[in-house]
Amino acid sequence: MVLMRLFGRGEIRRWRDVHVAMARAVLQQAAADLVESFDADLSQADWQDGLIEQTRFVAARIAPVVRQVADPLARRVIEEADRALQPIAFHHLQWQPLPVDANLMRDMMEELGDWAAAGGAALTGLVRGAANGLPITAGLGRGLPGDWMRLRAEARLRAKVHAYVYATVVQGPKGRPSLLEHVIELLRDAARHAQPL
């Protein structure tokens with residue numbers, strides 16, 4: 001009887017490990033796909049929304065898409081894990097969505113601001129190096145300051161969007177769980193409480 005129970009616990013640990021790995025693979029890929037998709041659109045952001053009021057832009061245009069893509073994937077991972085758990089343990093695993101919190105969005109963007117600015121500065125440095133190599137004459141150089149400012153602002157916006165997607169889907173800042181961290185905790189909690197059949 002004890003041997004059967006130990007074997008059952010081992011099965012539950014294997015179940016946990018397989019589904020944690022699946023959650024990582026699915027949600028990390030979702031984050032990469034989101035970043036790639038957003039990158040294609042960010043150069044079209046206008047000055048007011050995307051380049052000046054960046055936190056509002058991320059809250060209004062980026063956050064809803066991240067939720068629409070990532071939440072159903074996380075739910076599907078949990079539902080699949082529950083189906084796989086039923087033949088080996090007494091426990092029902094249920095999806096529990098993370099609540100949407102407007103203050104969390106603002107606070108997260110503030111916490112990510114330094115990281116994003118650093119990423120933006122690095123990108124901007126590359127652009128500045130390229131721009132300094134261009135021969136500029138009085139006639140040709142008139143449009144460059146506006147373009148230069150736009151490139152710099154766009155680089156900062158791109159860094160903020162990347163940081164937001166990563167923090168929301170893969171690894172949250174300062175004890176605020178990302179979607180992946182939330183799913184992993186649900187799986188680990190289920191493994192702790194499940195009783196082998």
Side-chain angles (χ1 to χ4, degrees), residues 5-42 55 57-116 119 158-197:
R5 188 165 291 282
L6 286 174
F7 177 74
R9 297 288 334 149
E11 264 194 302
I12 291 170
R13 281 191 296 275
R14 279 190 295 282
W15 165 87
R16 177 201 63 203
D17 294 345
V18 163
H19 287 88
V20 164
M22 181 189 301
R24 283 197 176 108
V26 167
L27 291 170
Q28 287 174 349
Q29 185 62 53
D33 291 346
L34 283 163
V35 163
E36 186 178 332
S37 171
F38 290 139
D39 274 352
D41 297 333
L42 288 178
T55 300
F57 177 84
V58 171
R61 303 268 291 279
I62 302 299
V65 176
V66 171
R67 297 290 294 217
Q68 287 169 359
V69 169
D71 279 8
L73 292 173
R75 176 189 289 269
R76 200 170 313 152
V77 167
I78 292 298
E79 288 170 352
E80 176 57 35
D82 182 54
R83 276 193 290 278
L85 183 61
Q86 295 314 304
I88 62 172
F90 291 109
H91 192 77
H92 178 59
L93 178 61
Q94 190 169 353
W95 172 239
Q96 299 164 18
L98 283 171
V100 177
D101 178 358
N103 291 333
L104 175 63
M105 162 68 72
R106 185 198 65 229
D107 295 347
M108 183 182 290
M109 290 307 293
E110 286 173 7
E111 289 174 20
L112 294 172
D114 291 341
W115 184 95
R158 193 174 305 278
K160 267 191 179 177
V161 168
H162 289 190
Y164 174 77
V165 171
Y166 182 79
T168 303
V169 180
V170 179
Q171 184 177 2
K174 293 188 182 177
R176 289 175 156 158
S178 67
L179 197 52
L180 174 58
E181 290 166 327
H182 178 61
V183 168
I184 289 172
E185 185 51 38
L186 290 175
L187 292 167
R188 288 177 175 163
D189 188 59
R192 280 191 295 271
H193 292 97
Q195 294 300 316
L197 291 177

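Just so we're clear, the structure is a prediction, and the values are computed from it rather than from any experiment.
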Of all pairs that satisfy ring pair (Phe, Tyr, Trp, His ring centres under 6.0 Å), the ones with a partner from residues 174-197, not counting sequence neighbours: W95-H182
Nearest non-hydrogen partners of L93 and A190, listed with the distance: CD1-CB, 3.7 Å
Point-to-point distance, once rounded to the nearest 0.5 Å, from CD1 of I78 to CG of L186: 5.0 Å
Residue pairs passing the ring pair (Phe, Tyr, Trp, His ring centres under 6.0 Å) test where at least one lies in residues 61-90, sequence neighbours excluded: none
Selection residues 20-33 - residue pairs positive for side chain to side chain donor-acceptor pair (under 3.5 Å), sequence neighbours left out: Q29-D33
Distance, nearest 0.5 Å, that separates OG1 of T168 from CG of L180: 12.0 Å
For D71, all residues meeting side chain to side chain donor-acceptor pair (under 3.5 Å), sequence neighbours excluded: R67
Where K160 and T55 come nearest, the two heavy atoms and their spacing: NZ-OG1, 3.9 Å
Closest non-hydrogen atom pair between V169 and A70, with its separation: CG2-CB, 4.1 Å
Closest approach of V20 to L187 (non-hydrogen atoms, all atoms of both residues): N-CD1, 3.8 Å
Euclidean distance, I12 CD1 relative to L85 CG, rounded to 0.5 Å: 6.5 Å
Straight-line distance of E181 CD to Q171 CD, nearest 0.5 Å: 5.5 Å
Shortest non-hydrogen contact from G172 toward S178: N-CB, 3.5 Å
Qualifying residues under side chain to side chain contact (heavy atoms under 4.5 Å, CB included), relative to A30, sequence neighbours excluded: L73
Salt bridge (charged side-chain N to carboxylate O under 4.0 Å, His left out) against R192, all qualifying residues, sequence neighbours excluded: E185, D189
With sequence neighbours excluded, residues passing side chain to side chain contact (heavy atoms under 4.5 Å, CB included) with V77: A23, V26, V183
For A59 against P64, the heavy-atom pair lying closest together: O-CD, 3.4 Å
Residues that D17 engages under salt bridge (charged side-chain N to carboxylate O under 4.0 Å, His left out), provided they are two or more places apart: none
Rounded distance [0.5 Å steps], CZ in R158 versus CG in D39: 4.5 Å
Residues in side chain to side chain contact (heavy atoms under 4.5 Å, CB included) contact with F38, at least two apart in sequence or another chain: L34, I62, V65, V66, V161, V165
Sequence neighbours excluded - ring pair (Phe, Tyr, Trp, His ring centres under 6.0 Å) pairs with any residue from residues 12-36: W15-H19
Straight-line distance of R9 CZ to I88 CD1, nearest 0.5 Å: 9.5 Å
Side chain to side chain donor-acceptor pair (under 3.5 Å) partners for E80, two or more places apart: R83
